Protein chains: 2
Amino acid sequence: MKPTIKDVSSIADVSIATVSKVVNGKDENISSATRERIKRIIEEVGYVPNRIASSLVTKKTKTIGLIIPDIANPFFPELARGVEDFSNKEGYTIILCNSDNDLEKEDAYIDMLQEKMVDGIIFTASSNRSELSIALNKSSIPVITIERNIDGLQSQNTIVSNNENGAYYAVIHMIECGYEKILHISGPMVSKPAQERYKGYLRALKEKNIEPIENHLIEGKYSGDWGFETIQNLISQRFDYDGVFCGNDLIALGALKALQLNNINVPNQVGLVGYDDIYMAQMVRPELTTVKQPNYEMGYQAAEMLVLMINNEEPNLSSESLETRLIVRGTTRV
Amino acid sequence: MKPTIKDVSSIADVSIATVSKVVNGKDENISSATRERIKRIIEEVGYVPNRIASSLVTKKTKTIGLIIPDIANPFFPELARGVEDFSNKEGYTIILCNSDNDLEKEDAYIDMLQEKMVDGIIFTASSNRSELSIALNKSSIPVITIERNIDGLQSQNTIVSNNENGAYYAVIHMIECGYEKILHISGPMVSKPAQERYKGYLRALKEKNIEPIENHLIEGKYSGDWGFETIQNLISQRFDYDGVFCGNDLIALGALKALQLNNINVPNQVGLVGYDDIYMAQMVRPELTTVKQPNYEMGYQAAEMLVLMINNEEPNLSSESLETRLIVRGTTRV
DNA sequence: AATTATTAGGTAAACGTTTACTTAAAAGTA
DNA sequence: TACTTTTAAGTAAACGTTTACCTAATAATT
């Protein structure tokens with residue numbers, strides 16, 4: 001049987017309160033003799049405090065729930081890492097939840113996290129969900145949404161990156177490179193980032209007085225296969241375009257592969273820009289021009305903000321939109 | 001204030017025991033009238049059971065700790081996903097820990113997980129650590145090691161993939177393709193998988209009666225940059241080789257980039273094989289020949305095994321070595 | 001010497017559940 | 001009718017801590 005604080009106290013012949021005090025460093029009023037004796041005994045018997053029991057009285061679990069769509073999606077590991085790094089630094093532990101953008105799973109995880117009394121939740125919601133917002137609002141548990149905000153959540157604390165600007169500058173760059181017939185292969189338009197990127201794309205065209213070509217928006221999934229297929233289709237349809245702005249790097253890498261397979265020169269015949277700056281963007285030839293999102297920072301700052309909320313220190317940022325950075329590499333001509 | 005079981009019980013005018021029974025479905029002896037009344041009240045007041053409190057008495061937290069080096073390393077997300085999928089199916093929640101292969105962090109996490117009373121731990125240990133094994137052994141908490149086993153851990157339950165065979169078949173394939181001067185760019189040799197892959201590489205050469213070339217082992221990191229640098233160096237040294245077996249895909253992709261940059265044709269002048277089959281392996285041209293590790297399955301099976309251990313049902317597999325699969329693509333000539 | 005302050009530690013309630021055991025009433029049986 | 005069984009629920013201890021408050025002994029102050 002695992003030793004408890006009681007075992008330690010009886011061996012040391014002190015009360016459990018005394019042991020508790022030295023374990024938690026609240027031992028100003030404990031003589032150094034007993035302090036050392038207790039510490040030695042703790043070592044000897046291998047006592048490890050039961051945080052479940054202490055959580056019950058302190059009402060703090062030092063645990064944060066992280067709900068993301070899928071850790072296997074290359075966008076999220078870095079974000080998760082950011083969350084974990086800050087959390088760990090502050091003594092928090094994180095519970096990882098993959099929702100697969102499935103509303104039922106999201107709900108189930110929210111419930112579970114509440115039952116486990118997490119101190120706060122960081123949440124990439126699949127879409128806007130008023131019922132969820134309501135449920136979350138009345139639960140009084142600090143929540144911060146990340147990457148996408150959801151409407152109707154009170155004390156809306158959000159970390160997002162500025163998708164619209166990111167897309168805008170990317171497309172401006174393409175236009176300045178001389179591409180004129182630029183289409184947009186996007187991810188699913190139900191997601192906010194997809195909507196915002198599309199908005200930025202349109203804004204750039206408008207500002208440069210370029211009429212969007214017909215069928216300029218091709219909506220699909222955030223996968224390499226989707227990018228590949230789309231280009232293959234376009235080629236078989238003899239679609240006329242000279243630039244492709246992709247919803248993310250995965251799409252772009254798939255597109256690049258298809259273009260090269262059909263001997264279409266990138267960047268000379270067709271310019272290509274991705275979004276995210278995943279590691280692989282630099283591992284292909286030509287290297288991919290893309291928009292870097294501060295994934296790690298987003299996670300880190302989200303955790304930072306959440307911990308502030310947990311400690312009831314009003315975060316001075318109630319909603320932060322981090323800027324993106326255009327990284328010009330080889331898939332756009334200069 | 002959040003409602004507790006007591007609030008529900010007093011509104012329903014029953015004892016807390018009765019509420020507890022209906023909450024946990026142990027309500028054979030509760031009349032359907034009261035059962036429904038209680039359920040309605042739970043709904044109305046928004047009662048959510050405090051699992052911290054119940055864990056204290058049941059001594060089960062329904063939580064599993066997962067310690068891996070780095071979730072941002074493309075090898076681990078899938079594995080983590082496998083762990084999470086099975087765990088979630090069984091009602092477990094996972095705590096994610098990134099150790100960065102840092103011994104102190106590993107220790108700190110092990111402590112933390114024990115304090116949080118997790119029901120079990122899945123662990124990718126950075127290296128062999130006898131003290132850790134001892135600590136773990138006496139803690140009586142179920143542990144399963146994954147991807148790499150650590151010596152001295154009692155009731156050694158391990159899920160690994162057969163690295164030696166994976167490497168062996170890969171190199172055999174290269175030799176059968178006609179490559180003869182094959183070098184091995186490996187990850188850090190302190191890690192077991194690196195050692196085993198090297199062993200497989202040597203075994204293949206030996207079996208085919210090929211003398212390893214001089215300086216055939218180049219040891220470094222599991223990164224694309226490392227692969228890139230190494231090839232650049234080799235080229236500047238005019239090193240003579242015609243095949244490269246890489247410790248992982250990241251190294252291979254870096255190497256591929258360097259080779260192509262120097263106009264060395266892959267697979268005609270130099271054959272190239274990676275390890276892992278990350279998603280990006282098919283996104284480059286030529287697509288990378290590689291060894292597929294069953295990452296997801298490893299995670300899934302590890303969780304499966306751990307849950308068996310937690311439930312004290314002796315797992316019939318005490319140490320499973322999953323087979324790998326060689327995936328021949330475009331970086332080796334046929 | 002009498003009073004006060006400080007030091008070192010103890011007491012016991014509280015946190016929110018679960019569960020083995022008990023009980024009272026109702027129903028069944030001889 | 002008198003007993004036994006079943007049904008429906010309640011009682012209270014236990015889980016392992018923390019912490020506000022208390023106390024006795026010693027030290028400091030006047």
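We name chains A, B, ... by the order of the sequence lines, and we start the count at 1 in each one. It should be emphasised that the depicted structure is a prediction, and the values quoted were computed from it without experimental measurement.
If you check every strand for non-hydrogen atoms under 4.0 Å, B/Val23 touches nothing. B/Lys59 comes within 4.0 angstrom of the backbone, heavy atoms only, and of no base. Among the atoms of the strands shown, none is found under 4.0 Å from any heavy atom of B/Ser55. As judged by a 4.0 angstrom heavy-atom cut-off over every strand, B/Thr4 is placed among residues touching the sugar-phosphate backbone only. Using a 4.0 Å heavy-atom criterion, one finds that A/Asn50 contacts the sugar-phosphate atoms exclusively.
As rounded to whole Å, 14 Å separates atom C1' of C/dT17 from atom NZ of B/Lys2. B/Lys21 places its NZ atom 14 Å from the P atom of D/dT7, with the value rounded to the nearest Å. In this structure, CE of A/Met117 is placed 20 Å from P of D/dT17, rounded to the nearest angstrom. We find that CD of B/Glu28 is positioned 13 Å from C1' of D/dA9, with the value rounded to whole Å. Between A/Asp7 atom CG and D/dT17 atom P the separation is 9 Å, expressed in whole Å. The separation between B/Lys6 atom NZ and D/dA12 atom P is 14 Å, rounded to whole Å. As a whole-Å value, the separation of B/Arg35 CZ from D/dT7 P is 13 Å. The NZ atom of B/Lys26 sits 18 Å away from the P atom of D/dG10 (whole-angstrom rounding).
Among the nucleotides C/dA8, C/dT19, C/dG10, the one closest to any side-chain atom of A/Ser31 is C/dA8. Taking every side-chain heavy atom of A/Ala17 into account, C/dA12 is the closest of D/dG16, C/dA12, C/dT18. You'll find that the side chain of A/Leu56 is closest to C/dC15, out of C/dT19, C/dG10, C/dC15.
Exactly one residue among A/Lys62, A/Arg51, A/Lys2 makes a salt bridge (Lys or Arg N to Asp or Glu O under 4.0 Å) with B/Glu115. That residue is A/Arg51.
Comparing B/Ile16 and A/Ile16 along DNA chain C, the residue whose closest nucleotide (by nearest heavy atom) sits nearer the 5' end is A/Ile16.
The phosphate of C/dG10 has OP1 or OP2 within less than 4.0 Å of a side-chain N or O from A/Ser15. B/Thr34 has a side-chain polar atom (N or O) that falls below the 4.0 Å cut-off from OP1 or OP2 of D/dA9. Distances shorter than 4.0 Å separate some side-chain N or O of B/Thr18 from OP1 or OP2 on D/dG10. Using a 4.0 Å cut-off, no side-chain N or O of A/Asn29 falls inside it from OP1 or OP2 of C/dT6.
Judged by distance alone, the side chains of A/Thr124 and A/Glu147 never bring a donor and an acceptor atom under 3.5 Å apart. With hydrogens and angles left out, the side-chain atoms of B/Thr61 and B/Ser55 include no donor and acceptor closer than 3.5 Å. In the model, B/Thr145 has a side-chain atom that pairs as donor or acceptor with a side-chain atom of B/Thr158 under 3.5 Å. With 3.5 Å as the limit, one finds no donor-acceptor pair spanning the side chains of A/Ser20 and A/Lys26.
Side-chain contact between A/Phe76 and A/Asn295: absent, with no pair of heavy atoms (C-beta onward) separated by less than 4.5 Å.
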